[in-house]
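Every chain is numbered from 1, with letters handed out A, B, ... down the list of sequences.
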Protein chains: 2
Amino acid sequence: MTSTTLVPVFAALGDETRWSILVALGEGDASASALAGRLPVTRQAIAKHLAVLQDVGLVESVRVGRELRYRVLGAQLSETARRLDRIGAEWDRRLAAIKRIAEEL
Amino acid sequence: MTSTTLVPVFAALGDETRWSILVALGEGDASASALAGRLPVTRQAIAKHLAVLQDVGLVESVRVGRELRYRVLGAQLSETARRLDRIGAEWDRRLAAIKRIAEEL
DNA sequence: GATTAGTGCAACCACAGAGTTGCATTAATC
DNA sequence: GATTAATGCAACTCTGTGGTTGCACTAATC
């Protein structure tokens with residue numbers, strides 16, 4: 001669990017249309033067709049985006065009758081955020097150390 | 001400050017080579033030419049990546065004699081992480097609410 | 001059983017961008 | 001001042017992918 005490498009997650013998050021989809025799903029679960037009604041792109045395009053998002057664990061799908069309903073997974077976002085924060089903190093720590101050493105010269 | 005829209009930041013972080021550059025810079029500041037010595041890509045390719053990273057505020061550059069030295073900015077990463085975390089938390093909150101309502105039916 | 005709303009699959013187009021090579025330019029160094 | 005090491009700029013290739021259209025399939029609904 002949460003063993004996803006983070007680069008593909010960022011790649012998935014680096015697209016405006018996918019954010020539109022995520023935001024729309026944030027209002028409540030929906031199918032690709034339903035999303036196509038609200039967004040200015042084709043159902044097929046949305047389906048592809050949903051596949052990408054699902055691959056990196058940002059959404060999950062559930063069959064409801066003849067439709068595939070998608071749900072956004074905030075936990076994956078939080079996990080990614082935590083990892084990012086740790087990296088950023090580490091880099092700032094090193095930067096501070098280097099700066100300190102430089103000033104001592 | 002920190003008014004960067006986050007989608008381009010994610011797009012910038014969604015590339016393996018750029019992460020290699022960030023990690024290399026994490027070991028200490030360096031110029032595009034210096035990085036080209038350590039990474040399996042051309043100096044020009046690295047220069048382009050550095051431009052992307054600088055555009056979204058992930059690195060900054062300082063002229064040192066005839067070379068342009070780059071430095072990674074962990075603060076921008078932390079800021080991005082904080083925003084991500086807030087979004088994820090919000091979505092999980094809504095999901096929980098929806099689930100609760102569904103169970104009450 | 002016919003219709004209809006939803007998904008799945010495949011081919012295709014167009015553009016962005018990751019990477020390259022080549023040359024011009026600038027600033028240290030001898 | 002000549003040389004050398006760095007950056008800057010431009011053109012080009014090639015792959016990835018966001019988007020489309022078209023059709024086949026499946027499962028509700030009438």
Exercise for review: Please determine if a side-chain N or O atom of T17(A) lies less than 4.0 Å away from the OP1 or OP2 oxygen of dG19(D).
Suggested key: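 Looking at the OP1 and OP2 atoms of dG19(D), one of them is under 4.0 Å from a side-chain N or O of T17(A).
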
Review point. Side-chain N or O of H49(B) less than 4.0 angstrom from OP1 or OP2 on dG19(C)?
Key: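 It does, given that an N or O in the side chain of H49(B) lies less than 4.0 Å from OP1 or OP2 of dG19(C).
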
Practice item. Could you please name the option among dT20(C), dG8(D), dG18(D) that lies closest to any side-chain atom of R63(B)? Key: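 The answer is dG8(D), which lies nearest to the side chain.
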
Check your understanding: Just checking, any donor-acceptor pair under 3.5 angstrom between side chains of Q54(A) and S61(A)?
Key ->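 The answer is yes; a qualifying pair exists.
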
Separation of [N] [atom2] from [X] [atom1] (nearest whole Å):
X: L39(A); N: dT20(D); atom1: CG; atom2: P; answer: 11 Å
X: R66(A); N: dG6(C); atom1: CZ; atom2: C1'; answer: 6 Å
X: R43(B); N: dA6(D); atom1: CZ; atom2: C1'; answer: 8 Å
X: L50(A); N: dG8(C); atom1: CG; atom2: P; answer: 10 Å
X: Y70(A); N: dG8(C); atom1: OH; atom2: C1'; answer: 11 Å
X: K48(B); N: dT21(C); atom1: NZ; atom2: P; answer: 12 Å
X: D15(A); N: dG16(D); atom1: CG; atom2: C1'; answer: 13 Å
X: I46(A); N: dG19(D); atom1: CD1; atom2: P; answer: 9 Å

Check your understanding: With a non-hydrogen cut-off below 4.0 angstrom, is R69(A) in contact with a base, only sugar-phosphate, or nothing?
Key ->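 Counting heavy atoms under 4.0 Å across all strands, no contact is made by R69(A).
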
Check your understanding: With sugar-phosphate meaning primed atoms plus P, OP1 and OP2, does A47(A) contact a base, only sugar-phosphate, or nothing at under 4.0 Å between heavy atoms?
Key ->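 Answer is nothing: A47(A) stays at 4.0 Å or more from every strand.
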
Point to revise | Full working for salt bridge (Lys or Arg N to Asp or Glu O under 4.0 Å) between R94(B) and E90(B) | key: CA-CA 6 Å; R94(B) 287 197 210 169; E90(B) 171 67 10; 3.2 Å; yes

Exercise for review: Test for a donor-acceptor pair under 3.5 Å between the base of dG18(D) and the side chain of Q44(A), counting only N and O atoms.
Suggested key: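 Answer is no: no donor-acceptor pair is held.
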
Practice item. Look at the side chain of T42(B) and the backbone N and O of A45(B), then say whether any donor-acceptor pair between them is shorter than 3.5 Å. Key: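 No, because the side chain of T42(B) does not come within donor-acceptor range (under 3.5 Å) of the backbone of A45(B).
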
Point to revise | N/O donor-acceptor pair under 3.5 Å between W19(A) side chain and L13(A) backbone | key: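 Yes.
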
Review point. Closest nucleotide of DNA chain D for A45(A) versus for L68(B): which of these residues is on the 5' side?
Key: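 With A45(A) and L68(B) compared, the 5'-side residue is L68(B).
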
Review point. Does a sphere of radius 6.0 Å around CZ in R82(A) hold more than 12 heavy atoms from other residues, nucleotides or ligands, not counting ones at 6.0 Å or beyond?
Key: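 No, the 6.0 Å shell around CZ holds no more than 12 heavy atoms from other groups.
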
